[in-house]
Amino acid sequence: MSLNIQSSVRDALQNGFEEALSLQGEGVDPLLRKSQNPEHGDYQSNGAMGLGKKHGMNPRELAEKVIGLVDLSAIAHPLEVAGPGFINIKLKDETILEMVREMDADSGLGIAQSEDAHPVAIDLCGVNVAKQLHVGHLRSTIIGDALARMFERVGRKVYRENHLGDWGLPIAMVLERLIASGVDLDSLSLDALNDAYRDAQLGARMDSRGLQRAKERDAGPHRIIELETQNESASEAQQSAKDLLIALQQGDAKLVGEWEKLIECTMRSVFESLGLLNVKIGPEHNRGESFYREHLGGIVDEFVSGGLAVEDGGALVVRFDNRDRPMLIRKSDGGFLYATTDLAAIKFRTQTLGADQLIYVVDARQRDHFKDLFDAAALIGWDKTPDGAEVDMVHIPFGSVLGDDKKPLKTRSGSNVTLSSLLNEAIERGVAEVLKRSSDENAPTHGMDEASLHTIGRQIGIGAIKYADLSNDLVRDYVFDMDRMVAFEGNTGPYIQYAGARIRSLISKCEDDWSGAEFILGEPEERALIMQLLQYNAVFQGMLNSLEPHRLCTWLYDLTEAFNAFYQACPVLKVEDKEVKLSRVKLAHLTKRVIEDGLDVLGIESPEHM
RNA sequence: GCUCCGGUAGCUCAGUUGGAUAGAGCAACGGUCUUCUAAACCGUAGGUCGCAGGUUCGAGUCUUGCCCGGAGCGCCA
């Protein structure tokens, strides 16, 4: 088992260090790492420097002593000490071949499965009813779905939680406005809905605070009167929206039916975009604010009776020891806030679903909110599942998508860029590239029917966008540059997809049966490719641990480069020696499996021809 | 004012949790196609890792202060 070879090397070194320092059973860390430079071997142990210093021993001497005590002769070449005390380990070819055979024989490609039977709950997408999806939703959706796939890949049960903004005063305001204007809710477009939402928001913004500020600044009497008039009509609309919300909360059948139409209208458009994006999110993942509406009073009561919430200026707040900022869980008018709903969701996810890992894929501006939320949940004891497991709550604070002016992405007219327009452009660009290529007589896509070419173009265009999003450190803002994304050169999705398509083509041209072939370590490029493949599990587990998909992206890119270097240097079908030929086909095939598996975890499709 | 995030090649970004000489891709320049799919490969050039101290065998990585950019900060979500 490939896993075990690395860990047995580690264990052997640990024992060596413990014996050399007379620290048996102390669990010292030999700091075993993959070597960066092939000249230093395959692995290196960096433990001697720190441990030598700590225990008053010359690091080089300690390293020498350790390699005298460790016997890895069955799997590695003799160990060597270098520099200030690095221990270099070079595996024997037979060991590497054994590892790659194990990986190839495993339908899971050596990815270790999780032993945690608790589910993971991932808060993603974050759609608001009556609002168009925009680029912010793109990130939450893409990243959340990729994280979900990661956990599913290691056997975890995942709840994708689409926490819809489908309840409360904003929705009531939209509904009030639509009903007042007499629109037919059955033939509503999302655009019309979005406009109504915006108008409702604008109307409500003219609140008493604006008026107060105008008075403070000694605005002219005309201005004051103007504001007072607006304020009056705004609060009238506000009042009727509040009345409507109360009726809705009481289950008024007609209103509930109309409310459902708003949701249906929104989600129809949302799922259209999500379908293009190739994410596994459907109606079954809807669990919005309305789901928790009956829980909120009880949540607040729990905090009050636990002595964790106190009244302050009529509102109920939760205070924390280490900061001034409190968290409001009930307004002075008795209404609940989004923090209340989020607390209800935490309780549901940990206590009812039994999840021991909560992940929120929400933009970075809400950092403080989630810090408060998680701390409050811990105060009341929802940081443990009913069976006593510790709950890990993590906010993935992704950065903003910027335009080329380095400000949040907007259209030229200043409105938000809708997700569907952005996806359509990516698909158009992908299709254009595919058509351009297929017009070449020598291209494998030449002569394919239009529908197939369109499908490939979509897979490439969408893959380009998703890869561009996932391949950077998530916390950083990034500039959305369609030109660079579809350039298809360098560290991009299509570059990796292309390698997969080439391998598929190569394998399909091999007429011999290579299934029983043996791997061979011949050229340096073959060895380098195999060593890269063998890192798959370690990289995957690292990604799972850090929740950083870009680590997998970087590694897949390196793998693709290693394959291209191999492909350039090592003839596969043209090589004379039959054994070598079949081994190379087999190696190409394993590479293809890993590329497709890795892309699938990222939610990116692998076109068969490009 | 307080808190948080970022600052690495002209541009866009990695940097294996403190390891050996800081790496890619674009863009620039030079090579490799009657292609096992050139959407590829090889090479050249490009750096005070924001600035200054500190910690230690060793710092892009940890720490302190400052500079620049961005975000958040009680009844919106």
Side-chain angles (χ1 to χ4, degrees), chain A residues 31 33-37 39-40 44 46 49-50 52-53 59 82-86 88 126 128 165 168-170 201 204-205 289 312-317 323-333 335-339 341-342 363-369 371 397 399-400 402 406-407 433-434 436-437 440 442-445 460 468 471-473 475-479 481 484 487-492 494-495 497-499 501-507 509-510 535 538-539 542 545-546 550-551 553-555 557-558 560-561 564-565 567-569 571-575 584-585 588 609-610:
Chain A
L31 299 177
R33 298 285 133 85
K34 185 192 168 205
S35 293
Q36 294 177 45
N37 187 339
E39 285 174 25
H40 300 141
Q44 64 184 57
N46 302 332
M49 282 79 79
K53 171 83 178 169
F86 298 106
N88 291 335
N128 286 309
L169 197 55
Q201 289 294 311
R205 200 159 296 157
E289 293 172 347
D312 185 343
L316 270 179
V317 302
R323 74 194 85 126
D324 293 334
R325 162 170 42 89
M327 182 174 73
L328 273 77
I329 60 172
R330 197 179 67 199
K331 298 193 277 187
S332 49
D333 68 1
F336 302 114
L337 296 110
Y338 71 124
T341 309
D342 276 332
D363 82 88
R365 288 174 303 187
Q366 297 199 35
R367 275 197 161 97
D368 289 349
H369 168 62
K371 182 170 174 53
S400 304
L402 309 177
K406 302 260 185 171
K407 290 184 176 157
E433 290 291 331
V434 170
K436 190 169 78 186
R437 188 137 222 267
D440 181 344
N442 295 321
T445 49
I460 292 174
S471 59
N472 283 350
D473 191 357
V475 307
R476 296 170 65 128
D477 295 349
Y478 76 95
V479 175
D481 182 345
R484 194 173 52 244
F488 306 158
E489 284 151 6
N491 190 4
T492 66
Y495 173 85
Q497 288 173 322
Y498 179 60
R502 288 175 90 188
I503 296 173
R504 180 191 155 81
S505 169
L506 172 76
I507 292 172
K509 286 184 179 161
C510 179
Q535 289 299 312
V539 169
N545 195 37
S546 63
H550 79 277
R551 290 189 183 211
C553 294
T554 303
W555 180 83
Y557 177 65
D558 290 342
T560 302
E561 279 197 312
N564 282 331
Y567 197 44
Q568 197 75 18
V572 179
L573 301 179
K574 289 176 177 171
V575 74
R584 287 177 178 173
V585 173
H609 306 281
M610 280 178 76

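Numbers restart at 1 for each chain; the letters A, B, ... are given by sequence-line order, proteins then strands. Excluded from the calculations below are hydrogen atoms, water molecules and symmetry mates; all remaining heavy atoms, backbone and side chain alike, are included. Note that this is a predicted model, so its numbers are computed, not measured.
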With respect to the side chain of [X], which nucleotide from [options] is positioned closest?
X       : options                   : result
K574(A) : rC36(B), rG74(B), rG19(B) : rC36(B)
R484(A) : rU12(B), rG72(B), rC13(B) : rU12(B)
D477(A) : rG74(B), rG70(B), rA14(B) : rG70(B)
A565(A) : rC42(B), rA40(B), rG19(B) : rC42(B)
L506(A) : rC41(B), rC36(B), rA20(B) : rC36(B)
N88(A)  : rA24(B), rA20(B), rG74(B) : rA20(B)
V475(A) : rG6(B), rC13(B), rG25(B)  : rG6(B)
K331(A) : rC75(B), rC13(B), rG72(B) : rC75(B)
S332(A) : rG19(B), rC5(B), rC75(B)  : rC75(B)
R365(A) : rA20(B), rA71(B), rU37(B) : rA71(B)

If you compare every side-chain N and O of [X] against the phosphate oxygens of [N] (OP1, OP2), does one of them come in below 4.0 Å?
X       : N       : result
K406(A) : rU12(B) : yes
N37(A)  : rA20(B) : no
K371(A) : rG72(B) : no

Once you apply a heavy-atom cut-off of 4.0 Å, does [X] come out as touching a base, just sugar-phosphate, or nothing?
X       : answer
Q497(A) : nothing
A315(A) : base
Y495(A) : sugar-phosphate
P326(A) : base
N46(A)  : base
A501(A) : base

Checklist entry - Is there a stack between F86(A) and rG19(B), judged by ring centres under 5.5 Å and planes under 30°? => result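 Base of rG19(B): not stacked against F86(A).
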For [X] and [N], give me the distance from atom [atom1] to atom [atom2], rounded to whole Å.
X       : N       : atom1 : atom2 : answer
E561(A) : rG43(B) : CD    : P     : 11 Å
H550(A) : rC13(B) : NE2   : C1'   : 10 Å
Q568(A) : rC36(B) : CD    : P     : 10 Å
N442(A) : rC36(B) : CG    : P     : 11 Å
D473(A) : rU17(B) : CG    : C1'   : 13 Å
E489(A) : rG25(B) : CD    : C1'   : 9 Å
D481(A) : rU12(B) : CG    : P     : 10 Å
N472(A) : rG6(B)  : CG    : C1'   : 13 Å

Checklist entry - Between the side chains of N564(A) and Y495(A), is a donor N or O closer than 3.5 angstrom to an acceptor N or O? => result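 Yes, Y495(A) and N564(A) have a side-chain donor paired with an acceptor closer than 3.5 Å.
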Next on the checklist: Does either side chain, that of D368(A) or that of Q366(A), offer a donor lying less than 3.5 Å from an acceptor on the other one?
Outcome noted: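 Note: D368(A) and Q366(A) side chains miss the donor-acceptor criterion.
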Checklist entry - If we take the C1' atom in both rG60(B) and rC51(B), what is their distance in whole Å? => result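 Between the two C1' atoms, the distance is 15 Å.
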Checklist entry - Side chains of I460(A) and F488(A): does their closest heavy-atom pair fall under 4.5 Å? => result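 Of all side-chain heavy-atom pairs linking F488(A) with I460(A), at least one is under 4.5 Å.
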